[in-house]
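Input: a single structure, listed below in structure tokens.
One is the number of the first residue; the rest follow in order along the sequence. Values reported hereafter were calculated over all heavy atoms of this structure, with side chains retained and with hydrogens, waters and symmetry mates removed.
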Amino acid sequence: MIRFDNVADHYFTVYGHKECATDEKFKSCATCGWNKNGYSNYLKWCSSENTCKDDKSLYLKNNATNKLDEKVAYVTNDCAEINVTAVNPLSGPKTGGTALTIIVRKHRIFVENRTVKVTVAGTVCTNPKTSGLETITCTTSEAVGALSGPVLVEYSSFEGGLKIESSQIFQFCVNPVLDLDQQLSGIASGGTSVPIRGRHFVEPCVIFSSRLYINLADGVRRYADSYCNPPVNDTYMVCRSPSVNGTVWDEDASVVGRLLNIGLDITYSKEGFSLNQSPPITVSDSSLGYYVHPNPDLEDFVINEGGLIIINGMNLQHVRLDDIVVLYINSSSVGCVVVSVKSKRIVCDPTITIDIVELHEILVKIGDSLTYILANRSPTPIVNPFNLLVSEYPSIIHDSNKTICSDLMTCPKCTIKPMCIWSLQQQICENRTQFNSSGLIVFEIEECPRFSVIKEYNYGESSVSLKYIVEVSNELVGFRNYLNDSIIYTRFPTRCKYPTRQVNINNNTIISCEFYVKKSDFGYNNPTFTFFTFIIFNDVILRFDNVADHYVTFYEQEECANDEKYKSCATCAWNKDGYSNYLRWCSSNNTCQVRKNLYMTNNGKEQLNIKFVHLTNDCGEINVTAVDPLSGPETGGTTMTITVRNHEILSENRTVIVTIAGTLCMNSRTLGPETITCITTQSNKILSGPILVEYSSTESVLKIESPQIFQFCPNPVLDAAHHLGGIASGGTSVPVRGSHFAEPCVVSSARLYVDMPDDVRIYSDSYCDPSVNDTYMVCRSPKVKNVDSVDGDGLVVGRLLNFGLEIKFIKDDFSLNQSLSIVVRGPSLRFYVHPDPVLLDFEINESGSVLVNGLHLQHVQPEDIVIRAVDSSSLVCAVVSVTPHSLVCEPTMHTTGLQVISVTMGTSLQFTVIRRTLSHPDDLSKLPGWFIALIVMSMVLVFVSALACCLRTKHRDTVTENICNPLEESTRSQDLYEHTAL
């Protein structure tokens with residue numbers, strides 16, 4: 001037998017009606033053909049919307065010699081029209097409780113008049129419900145047997161069944177276990193590191209977040225204020241200790257010194273597009289495994305002869321090295337690195353250059369909870385300047401592929417990158433894999449020589465002299481010998497005539513030289529002189545850690561030669577393309593006669609005079625520190641708040657222009673010393689990019705590029721072929737399709753509206769559900785019942801209305817600015833207003849299924865219908881099918897004795913329905929004439945009563961509609977709301 005490429009080509013259908021022999025026969029049908037075990041399989045399931053009178057569920061299996069009659073088809077992933085397209089999330093606790101969202105292609109056809117069953121990795125998923133045209137939701141139960149496997153969706157009826165196996169694999173996560181033999185501890189104030197050992201921290205599921213807790217004697221559970229760090233591996237993670245300050249043990253006894261029970265609250269990792277939160281899991285240790293230590297007590301600090309900072313105190317041994325941070329007052333940089341902790345002292349090695357004489361106080365942070373300010377109690381402070389600015393360097397993180405080693409022009413900046421190494425002999429940075437230089441090589445930042453520069457000014461009668469002192473420390477690799485023949489230059493080719501070289505008591509190399517400028521050289525046009533100063537050895541420039549050390553300034557006024565010259569100034573120094581750059585902009589508040597805007601760039605051989613400066617993120621004093629928000633509509637209108645360090649100085653007597661991702665930001669205004677506000681305009685094709693702040697005058701231009709990236713969000717678009725609808729009372733599910741619901745910006749909130757004939761806009765009472773993906777979301781229909789209309793009889797039911805969405809994009813977590821609302825219109829006259837459903841009574845068949853009878857029921861989705869017992873909040877049954885005159889509900893509890901039920905439809909309608917006591921034929925035309933006349937007369941009486949009641953209760957907000965047996969209650973007075981189904 002010849003095997004066709006398309007298995008479905010082996011099968012053909014002969015129809016009794018000519019019009020069905022065209023492609024029309026596939027309308028509202030799902031088909032699939034596949035080969036398996038030598039048989040050619042063919043499946044075609046159709047919905048009731050298919051107008052051809054053929055088999056709605058057809059499954060054939062043939063190998064040309066034998067035909068098998070099987071009622072259940074098993075599809076793995078062979079069909080484009082019949083498959084599981086998405087499962088979310090793909091992992092959850094083994095104990096169950098995870099809410100799953102499963103998308104099945106053509107689910108709407110398969111579920112019609114059939115029962116749905118879902119199993120996940122062989123375990124039943126409870127409470128399966130239809131949510132939208134192709135979406136099923138269910139809740140996992142405790143795993144039985146396998147921990148991972150596919151999702152199996154089964155549709156069954158007495159005619160046949162279909163099983164669809166997903167290609168996606170779900171993983172049940174094993175609960176983590178803590179080691180029993182570990183002894184944990186923390187200080188009373190909490191916030192310190194607690195190493196945790198156990199297993200199943202990473203495999204088979206990664207812990208997304210976890211938090212340590214302890215149990216006190218009174219049953220109170222205390223959680224840590226901070227979450228644990230991500231697990232290091234499957235058996236190790238580091239958490240933070242909880243605080244027990246203010247707690248007591250057995251009325252008045254202290255908790256300090258007690259052993260307590262511990263545990264972790266754990267949430268598993270979410271996939272990138274997960275819609276469902278994983279439920280938290282509590283992992284406890286029944287043993288008394290946590291010891292509470294007293295808080296440390298810090299007193300003061302001294303500086304020893306070796307330049308180390310010694311911090312004195314009590315109870316210090318219970319704190320880990322990495323929990324202690326030492327800062328210098330008025331500086332955000334780390335002052336020193338803790339190298340040792342004893343019971344009564346902490347030893348800290350300075351990491352940045354400080355003036356020991358001026359170091360009066362330090363700030364010490366222990367964990368997340370304790371902060372101390374300590375005074376310097378050194379009997380004789382030792383002056384040991386150290387000029388390595390840690391804030392100038394990026395944090396030690398994994399490098400991106402964009403790192404170019406040759407662009408890094410200092411040893412610390414080079415060796416902080418794992419792929420780069422520094423040549424001391426050539427003073428260049430190269431890639432490890434391409435390095436071909438000889439001589440001394442530095443691989444780690446700890447091996448870099450450290451440079452600090454001291455500038456000593458002396459004002460004589462006829463000249464101003466500067467003693468330029470360079471101290472080289474941390475010489476671990478023999479770099480000192482290269483500097484024996486070094487030469488100091490200032491304003492090349494001025495060469496130091498009498499340089500000095502010596503080794504101090506700390507075994508550091510000191511190189512110095514004295515320069516001077518005649519006082520007669522100063523004048524009105526030359527109040528200062530700034531020179532590029534550098535050291536040459538073997539025809540190579542020695543690269544200082546701080547680029548600003550290369551620049552020296554001579555002042556005519558002696559009082560300006562100290563740090564006062566930097567008051568009301570913003571300075572920045574950086575290396576780029578082999579040049580050392582120096583920028584200093586000062587405000588009019590600066591009392592020294594200096595140039596208000598100075599920019600110099602020099603490579604030791606030439607100095608460039610450039611009026612245009614473009615900074616990316618090289619400067620601690622001149623940069624964009626914050627941008628809020630980081631996204632907005634591409635049509636503009638977003639109010640931006642931009643924080644620029646030293647903006648007040650930079651903007652003085654200058655024009656400020658802001659561009660966002662290449663698009664001009666209008667109406668830029670200064671709001672505070674460091675804040676700019678502006679309003680975005682229509683995006684200029686580029687949808688994302690940095691913020692550029694430009695300060696310009698006739699003298700110079702400074703552009704500062706932000707590290708933050710702004711995202712313009714394209715307006716969502718609704719499908720032009722949309723045909724939506726909802727009942728007059730509103731509140732029912734409305735599937736909405738379009739584009740740009742999630743990419744590149746996520747829709748934060750959306751609300752459906754319709755436009756009435758008199759141009760009145762009616763909004764839904766509820767917001768839409770979060771978008772399922774970039775093209776699909778589910779909204780709620782607006783309430784249009786009893787809304788006055790300007791034309792004729794005022795009836796809205798049966799009309800086609802215009803519709804649309806009011807949308808807001810998601811905001812950043814710390815956004816100060818509100819996102820603008822956007823109105824997205826749908827295609828004209830595509831929202832159809834259906835009449836409200838009417839419920840008459842209900843009956844219970846032999847299998848316990850509940851059948852509710854009524855009118856206009858087909859306009860409500862099964863997932864919008866909830867049926868409960870009147871005296872209970874429990875669900876009576878789950879709706880599985882809806883027809884115009886009835887709905888079928890499969891029981892979830894015993895229904896035999898039910899006489900009254902409560903039926904809720906959407907968010908607006910609620911009915912009380914009584915069980916039918918008299919049977920009636922399915923076809924009302926078969927009823928006796930006298931009985932039909934009696935029904936008509938009863939309906940007239942009910943309508944008159946309802947009309948009168950509507951007039952009395954026109955302004956009520958909520959209603960429960962009571963529907964009684966018409967045969968018994970037709971003569972009763974009814975208290976009906978205007979939404980009554982009767």
Side-chain angles (χ1 to χ4, degrees), residues 351 353 385-389 392-394 396 399 403-453 468-490 492-496 499-504 506-513 532-551 573-581 601-606:
T351 58
T353 301
F386 196 74
N387 214 29
L388 177 61
L389 300 177
E392 181 183 349
Y393 308 125
I396 300 178
D399 291 88
T403 299
I404 302 176
C405 296
S406 58
D407 291 342
L408 307 174
M409 293 176 59
T410 65
C411 182
K413 281 191 174 183
C414 173
T415 53
I416 205 172
K417 303 293 184 181
M419 74 285 295
C420 302
I421 56 177
W422 180 258
S423 168
L424 289 172
Q425 184 177 2
Q426 298 183 18
Q427 293 288 289
I428 58 174
C429 184
E430 291 190 18
N431 193 289
R432 286 175 182 258
T433 60
Q434 301 173 353
F435 194 76
N436 56 11
S437 301
S438 59
L440 299 180
I441 299 172
V442 175
F443 294 91
E444 305 293 338
I445 189 173
E446 293 80 7
E447 300 174 351
C448 288
R450 306 292 174 82
F451 304 98
S452 59
V453 175
Y468 190 80
I469 305 170
V470 179
E471 180 175 2
V472 185
S473 60
N474 198 48
E475 297 178 273
L476 303 179
V477 292
F479 180 58
R480 177 185 304 162
N481 296 332
Y482 281 92
L483 303 179
N484 290 335
D485 298 324
S486 59
I487 303 171
I488 301 179
Y489 287 90
T490 185
F492 186 84
T494 303
R495 174 176 174 174
C496 179
T500 61
R501 300 176 183 86
Q502 61 181 358
V503 178
N504 64 8
N506 296 321
N507 202 31
N508 296 337
T509 301
I510 306 296
I511 304 172
S512 63
C513 184
F532 179 68
T533 304
F534 56 98
I535 295 178
I536 290 285
F537 72 99
N538 296 337
D539 294 327
V540 176
I541 292 182
L542 184 64
R543 300 292 181 181
F544 295 157
D545 302 330
N546 183 8
V547 182
D549 286 340
H550 284 291
Y551 288 88
W574 69 100
N575 289 315
K576 189 174 182 180
D577 299 331
Y579 285 82
S580 296
N581 300 264
T601 177
N602 205 305
N603 66 354
K605 299 180 180 179
E606 63 176 350

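Formation of a donor-acceptor pair under 3.5 Å by the Q427 side chain with backbone atoms of R543 is found in this model. Judged purely by atom type and a 3.5 angstrom limit, D545 has no side-chain atom pairing as donor or acceptor with the backbone of R450. The closest donor-acceptor contact from the side chain of D549 to the backbone of S452 lies at 3.5 Å or more, if one exists at all. N504 contributes a side-chain N or O that, together with a main-chain N or O of N506, makes up a donor-acceptor pair within less than 3.5 Å.
Contact check for L542 versus F451: side-chain heavy atoms found under the 4.5 Å cut-off. Side-chain contact between N602 and S580 is absent, with no heavy-atom pair separated by less than 4.5 Å. No side-chain heavy atom of N581 sits less than 4.5 Å from a side-chain heavy atom of V547. Using a 4.5 Å heavy-atom threshold, the side chains of C448 and W422 count as separate.
A distance below 2.5 Å between sulfur gamma atoms is not met by C429 and C420. Between C414 and C405, the gamma sulfurs sit at a distance of 2.5 angstrom or greater.
For N603, the side-chain contact (heavy atoms from CB on, under 4.5 Å) test picks out Y579, K605, E606, with sequence neighbours left out. Contacts of N507 classified as side chain to side chain donor-acceptor pair (under 3.5 Å), with partners at least two apart in sequence or in another chain: R480. With sequence neighbours excluded, no residue forms a ring-ring contact (aromatic ring centres under 6.0 Å, His included) with Y468.
Summarising the geometry, atom OG1 belonging to T601 is positioned 9.5 Å from atom CG belonging to N575; distances are rounded to the nearest 0.5 Å. Atom-to-atom distance recorded for Q426:CD and I441:CD1 is 9.5 Å, nearest 0.5 angstrom. Going from atom CD of Q425 over to atom CG of L440 covers 7.0 Å, rounded to the nearest 0.5 Å. Rounded to the nearest 0.5 Å, atoms CD (Q502) and CD1 (I511) are 10.5 Å apart. In this structure, N431 CG and K417 NZ are separated by 13.0 Å, a value rounded to the nearest 0.5 Å. In this structure, CZ on F537 lies 7.5 Å from CG on L424, to the nearest 0.5 angstrom.
Residues G604 and F534 approach most closely at O-CZ, 3.5 Å, considering heavy atoms. Heavy atoms only, all atoms of each residue included: I536 and I541 are closest at CD1-CG1, 3.5 Å.
Side-chain N/O atoms of E475 and T509 include a donor and acceptor closer than 3.5 Å.
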